[in-house]
Amino acid sequence: MKKCITALLLLFTLSVTSLLACTSADKPESATGKTSKTSKSISDKKTDLTPVTLNEVAHSIFYAPMYVAMEKNYFEKEGIDLSLVTGFGADKTMTAVLSGTADIGFMGSEASIYTYNEGAHDYVVNFAQLTQRAGNFLVAREDIKNFKWEDLKGRKVIGGRKGGVHISM
């Protein structure tokens, strides 16, 4: 229980921090072009929330604490109107962040590195690690008792997404 609460608090902190990291001092609007709304400007409680669009690279069990926080309305209680979008690939998630259709992108660091290496002037910066393991799973058509990694020698391993790389071992 303590780990779950800690994970939810960490996720919230990262979300709020990313709001600050994704905006610049010379632009008063967020990446989506929407300004933060305050109770002074609009009296409706729902519109008092700061809109944040989060683009996740894939729907993954690793983001379970965030899904729970959304279901329990923790973001709304903290003043955030969170919209979740699945990008279906780091390239699409990065494009969403760079184009301003997403405020935050959950993805691996490779997309940031590629963007930076291509000479982008307004590149994103990875600032946190949300998972400690890759979100990849190895599955087989038949049950393999007492599996060992060397059992893969001579077999093909196919990537799990369209355009993924298969590896011959």
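- Counting non-hydrogen atoms of neighbouring residues, nucleotides and ligands closer than 6.0 angstrom, the OH atom of Tyr116 reaches no more than 12 such neighbours.
- Taking CG of Leu54 as the start and CE of Met70 as the end, the distance is 8.0 Å to the nearest 0.5 Å.
- Two residues are said to be in side-chain contact when any heavy atoms from C-beta on lie closer than 4.5 Å; Glu56 and Met107 fail this criterion.
- With hydrophobic clusters built from ILVMFWY side chains whose heavy atoms lie under 4.5 angstrom apart, Leu84 shares a cluster with Val97.
- Rounded to the nearest 0.5 angstrom, Phe88 CZ and His59 NE2 are separated by 9.0 Å.
- Ile104 has its side chain out of reach of Asn55: every pair of non-hydrogen atoms, C-beta onward, lies at least 4.5 Å apart.
- In this structure, Lys148 NZ and Asn146 CG are separated by 6.5 Å, a value rounded to the nearest 0.5 Å.
- A single hydrophobic cluster is seen to contain both Val157 and Ile144, as judged by linkage of ILVMFWY side chains at heavy-atom distances under 4.5 Å, directly or through other members.
- One N or O on the side chain of Thr101 and one on the backbone of Ala96 form a donor-acceptor pair closer than 3.5 Å.
- Between the OG1 atom in Thr115 and the CD atom in Glu110 there is a gap of 10.0 Å [rounded to 0.5 Å].
- Residues Val85 and Leu98 fall into different hydrophobic clusters, defined by Ile, Leu, Val, Met, Phe, Trp and Tyr side chains chained together at heavy-atom separations under 4.5 Å.
- For Ser109 and Asn126, the side-chain atoms include no donor-acceptor pair closer than 3.5 Å.
- Taking OH of Tyr123 as the start and CD of Glu118 as the end, the distance is 14.0 Å to the nearest 0.5 Å.
- The line from CG of Leu82 to OG1 of Thr50 is 11.5 Å long, rounded to the nearest 0.5 Å.
- Contact between Thr93 and Gly87 at its shortest, heavy atoms only, is OG1-CA, 3.7 Å.
- Criterion: ILVMFWY side-chain heavy atoms under 4.5 Å apart, direct or through other members. Under it, Tyr67 and Phe75 are part of a common hydrophobic cluster.
- The main-chain N or O of Tyr114 is never found under 3.5 Å from a side-chain atom of Asn117 such that the two would form a donor-acceptor pair.
- Side-chain contact between Phe147 and Leu152 is present, with at least one heavy-atom pair separated by less than 4.5 Å.
- The pair Glu150-Arg155 does not count as a salt bridge, with every side-chain nitrogen at least 4.0 angstrom from each carboxylate oxygen.
- In summary, Asp143 and Lys145 engage in a salt bridge, as defined by a charged side-chain N under 4.0 Å from a carboxylate O.
- Between Phe106 and Tyr63, the angle of the ring planes lies from 30° to 60°, which puts this pair in the tilted group.
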